[in-house]
Amino acid sequence: MSEHDQTEEFLNNLPELEAGKTFAFSCHPGISCFNACCGDLNLMLTPYDVLRLRKELGYDSKKFIHNHADITRTPNIGFPMTKLRMLDNSKRSCPFVRDEGCSVYTNRPGACRTYPLGRASRVGEDGKMVEQFFIVQERHCRGFEEEKEWTSDEWLKDQGLEEYNEVNDRYMRLMTRARKAGVVLDERKLNMVFLALYQVDNFTNFIKDMNVFARLEISDERQTAILSDEEKCLDFALDWVELIVLGSSENLSPKK
């Protein structure tokens with residue numbers, strides 16, 4: 001069973017939080033279970049997660065991946081994915097958890113921000129993302145005994161998830177298109193996609209060295225933004241991957 005199928009099966013066994021309904025939750029150092037959820041995790045890292053964590057740690061992509069990530073491939077289509085490597089101790093602790101809490105809290109991954117909700121998303125027939133939310137209530141968690149109540153929209157806004165979900169959903173839409181088109185990445189394209197999405201700092205150098213912009217219809221203003229801002233570069237990387245893998249992109253065209 002694939003990672004995606006396991007996640008879907010896990011979520012389908014949880015109570016769904018319907019739109020507009022609330023749940024009570026709060027997490028803080030005063031709770032007896034504080035940090036208990038930060039271990040023994042199967043935590044997938046999206047390209048945006050990797051970018052934000054790298055910037056928080058001051059690492060280049062090579063160092064971050066070597067120290068903290070295991071590389072996997074999605075079944076059938078072979079797109080790259082990364083998983084956070086837990087510490088080799090009895091608790092399989094997250095490498096960033098400390099007694100006082102998360103040491104990378106400002107730039108923590110999207111999955112950590114979403115918890116204690118689980119978010120399932122898919123591309124609808126109209127091409128838009130369809131969301132479902134589920135309550136992940138683990139036995140050890142005392143956060144649900146707190147009084148503060150949230151809707152799913154309020155929780156996502158409070159946890160700063162808008163920009164995470166926007167970028168992550170673009171990658172999901174891209175993979176959905178590839179799956180429907182019967183695309184399977186060969187080793188060459190796998191390496192190109194991994195470079196573009198998970199090694200944005202090195203991809204910037206690739207753009208310059210290979211004179212990539214010369215082959216594309218792209219404004220000078222956007223070129224400057226891409227080469228000076230890694231988040232803008234990741235945005236471009238998603239368009240570029242869409243173009244080289246699927247042959248077309250809504251936001252990027254080759255020069256005629």
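One is the number of the first residue; the rest follow in order along the sequence.
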Practice prompt. Start with the C-alpha gap between T151 and F23, add the side-chain angles, then the distance that decides, and say whether side-chain contact (heavy atoms from CB on, under 4.5 Å) holds.
Written response: CA-CA 7 Å; T151 64; F23 67 102; over 6 Å; no

Identify whether the distance between the nearest side-chain nitrogen and carboxylate oxygen of [X] and [Y] falls below 4.0 Å.
{"X": "R73", "Y": "E187", "value": "yes"}
{"X": "R177", "Y": "E242", "value": "yes"}
{"X": "E154", "Y": "K157", "value": "no"}
{"X": "R54", "Y": "E230", "value": "yes"}
{"X": "R222", "Y": "D235", "value": "yes"}
{"X": "R170", "Y": "D239", "value": "yes"}

Hey, are [Y] and [X] close enough side-chain-wise for a donor-acceptor pair under 3.5 Å?
{"X": "Y105", "Y": "E56", "result": "no"}
{"X": "T204", "Y": "D201", "result": "no"}
{"X": "N42", "Y": "K83", "result": "yes"}
{"X": "R108", "Y": "Q159", "result": "yes"}

Item to complete: Of all the heavy-atom pairs spanning L246 and L174, show the shortest one and how long it is.
Response: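 Scanning both residues completely, I find the closest heavy atoms to be CD1-O, 4.2 Å.
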
Worksheet item: About how many Å separate CG of N251 and CG of L238, when rounded to the nearest 0.5 Å?
Response: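 If we round to the nearest 0.5 Å, L238:CG and N251:CG are 10.0 Å apart.
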
Response to the item:
To the nearest 0.5 Å, atom CD of E138 lies from atom SG of C37 at 7.0 Å

Discussion item. Any non-hydrogen side-chain atom of T82 less than 4.5 Å from a side-chain atom of D70?
Written reply: no

Practice prompt. For the pair W155 and F25, evaluate ring pair (Phe, Tyr, Trp, His ring centres under 6.0 Å) and give the outcome as yes or no after the intermediate values.
Written response: CA-CA 10 Å; W155 181 253; F25 184 81; 5.7 Å; yes

Item to complete: Before giving the answer on ring pair (Phe, Tyr, Trp, His ring centres under 6.0 Å), spell out for F213 and F236 the whole-Å C-alpha distance, their side-chain angles and the decisive distance to 0.1 Å.
Response: CA-CA 11 Å; F213 293 150; F236 167 75; 5.6 Å; yes

